[in-house]
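Below is one structure; the comments refer to it alone.
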Amino acid sequence: MGKSKIEYNGESLQDKLGSKAIALICLLALKENGYLSREKIVGYLWPDSNIEAARYNLRYNLWLIKKNIGSDEYGNSFLNVDNEFCCINKKYDFKCDILEVMKFKPSDNDSVEGLLKLKRLFRGDLLEGCFFKKCEEFNDVILFERINFERYKVKILKRLIDLYENEDLFDSVIEVIKEILEIEPYDEEMVLKLMDTYVKCGKRVAAITYYNNYSNGLAGSLGISPSNELKKKYNEIKALANKDLCYDRIDEYKNISGSDKKVDRMGFVIYSDCLKYIEYFWIADVLDKLVKLDKEEIFSCLNNKELWDLGYIQFSVLKFCSEQPDIIQGYRREVIDVCIVNAFIKLLKHICERQNLTIIIKNSSNLDNISANVLAYLKRLQINELKLMEE
């Protein structure tokens, strides 16, 4: 698999054999149950030649193979050939990646090391980069076998998952599942297992994010929605996330005036949304979610002026002001962008000194310009305990 490579006693035979001889060896190797007729080989490799020319070409390539691939240490020849059929000698001592893969059957004797060795054999597609002009039937065979070997790879990877799960190696399980989903992106059994594994290693947000991306991809590519079983799992995980990480699992919030209180490191998870052409929409949405936590101490780091600035884009923030700007004599200044942004960042820093804060940004491609710039700035700041996750 990958770029073809044939060696005998350590010497490369690529240039000596040529493309048709290599294709012939591949055909015979794929014939797992034995012989392939000369007539079939001629039809695959020289379909546009007259019968005599095609037979001559076959005889020449069989001779070329025999000449360059000698006997093994036990005196066995590589090919068995008669007037009607050809095959690779089953007694011949040699190694071939596709034969190793085709021999695989899951068993109790499987080991991680053995499966990883098999996995490494998949260096690329079968006869990668090869296309034989005017050999449509042979090209179809190769295309079919490439798909078939993808199935073999999935079978090997699924067995590897079983062994990793037995050892509770969840990060490895996730990595292998993602490899399978690159091959079979709509395998809901694997999507379900991936979400379950994320939950087992405490990554509920990752499970939710993956489901949303998968659901959007399914709708966009096939115009369908996930199965009921997958939707049920998503709702279960989301309910757990809301219970354990979000609004209902806020323990004691550290009092600003003292350090004797416990710090809740479970933290908040904020699900925010975006609208592209409305300035400040994402920032205002995050503020709204924080206000709905109904924790006055979250906003206690801000003075009235800073609260008024944030109230300019999210009116609900003003509930935490000791005085309202519309009743303060002389408060007529224009709110400028930098004041709003500074107050917002100050608020996030204050929260993250006391809590983990995860902000999940749905539809992040629709961020308005100001919010997009602020988000980029927050990423550069790398505030401790602040996680920004885009969907």
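Between D187 and K158 the shortest side-chain heavy-atom distance falls below 4.5 Å. In this structure the side chain of E175 never reaches within 4.5 angstrom of the side chain of K178, judged on heavy atoms. Using a 4.5 Å cut-off on side-chain heavy atoms (C-beta onward), S300 and H350 make contact. By the 4.5 Å heavy-atom criterion applied to side chains, R159 and D162 are counted as neighbours. At least one side-chain heavy atom of L287 sits under 4.5 Å from a side-chain heavy atom of L347.
Tracing side-chain contacts under 4.5 Å through hydrophobic residues (I, L, V, M, F, W, Y), one reaches I270 starting from Y377; they form part of the same cluster. Note on L143: it does not cluster hydrophobically with F122, by side-chain heavy-atom contacts below 4.5 Å among ILVMFWY residues. Hydrophobic clustering (side-chain heavy atoms under 4.5 Å, transitive across Ile, Leu, Val, Met, Phe, Trp, Tyr) groups F149 together with L157. In the hydrophobic clustering of ILVMFWY residues, with side-chain heavy atoms under 4.5 Å counting as a link, L115 and F170 come out apart. No single ILVMFWY cluster, assembled from side-chain heavy atoms under 4.5 Å apart, contains both F144 and V154.
Annotation for S4 and Q14: closest pair O-NE2, 2.9 Å, computed over non-hydrogen atoms. The minimum heavy-atom distance between K203 and D171, with the atom names listed, is NZ-OD1, 3.5 Å. For Y211 against L230, the heavy-atom pair with the smallest separation is CE1-O, 3.9 Å. The minimum heavy-atom distance between I142 and C26, with the atom names listed, is CD1-SG, 4.4 Å. Across all their heavy atoms, S272 and D285 have their closest contact at CA-OD2, 3.2 Å.
Here the straight-line distance linking atom NZ of K233 with atom CE of M195 works out to 7.5 Å at 0.5 Å rounding. For the atom pair CD1 (I237) and CG (D196), the distance works out to 6.5 Å, reported to the nearest 0.5 Å. To the nearest 0.5 angstrom, L118 atom CG is 4.5 Å from I156 atom CD1. For the atom pair CG (N9) and CD (E73), the distance works out to 10.0 Å, reported to the nearest 0.5 Å. Atoms CG and CD1, on L30 and I25 in that order, are 12.0 Å from each other to the nearest 0.5 Å. The structure places CD of E229 at 5.0 Å from CG of L192, a figure rounded to the nearest 0.5 Å.
The number of heavy-atom neighbours closer than 6.0 Å to CD of E137, taken from other residues, nucleotides and ligands shown, is above 12. Residue Y56 qualifies as open at atom OH: its count of foreign heavy atoms under 6.0 Å is 12 or below. Around atom CD of E128, more than 12 heavy atoms belonging to other residues, nucleotides or ligands sit under 6.0 Å away. At most 12 heavy atoms of other shown residues, nucleotides or ligands fall within 6.0 angstrom of atom CD in E39.
Note that K40 lies in the cation-pi zone of Y44, set by a 6.0 Å cut-off to the ring centre and a 45° limit from the axis.
Side-chain N/O atoms of S12 and E7 include no donor and acceptor closer than 3.5 Å. Side-chain N/O atoms of Y214 and E188 include a donor and acceptor closer than 3.5 Å. Checking Y234 against S215 by side-chain atom types alone, no donor-acceptor pair falls below 3.5 Å. In this structure, a donor-acceptor pair under 3.5 Å is present between the side chains of S371 and D368. Defined by atom type and a distance below 3.5 Å, a donor-acceptor pair is present between the side-chain atoms of D337 and Y280.
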- request: Apply the test side chain to side chain donor-acceptor pair (under 3.5 Å) to residues N76 and D93: give CA-CA distance (whole Å), side-chain angles for both, the deciding distance (0.1 Å), then the verdict.
  value: CA-CA 8 Å; N76 298 310; D93 184 24; over 6 Å; no
TODO: For the pair F104 and Y152, evaluate ring pair (Phe, Tyr, Trp, His ring centres under 6.0 Å) and give the outcome as yes or no after the intermediate values.
DONE: CA-CA 8 Å; F104 172 73; Y152 277 113; 8.3 Å; no
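With hydrogens and angles ignored, the 3.5 Å screen pairs no side-chain donor or acceptor of E385 with any backbone N or O of C352.
Take V81 and apply the side-chain contact (heavy atoms from CB on, under 4.5 Å) test, not counting sequence neighbours, and it matches R38, L62, K66, L79, C86.
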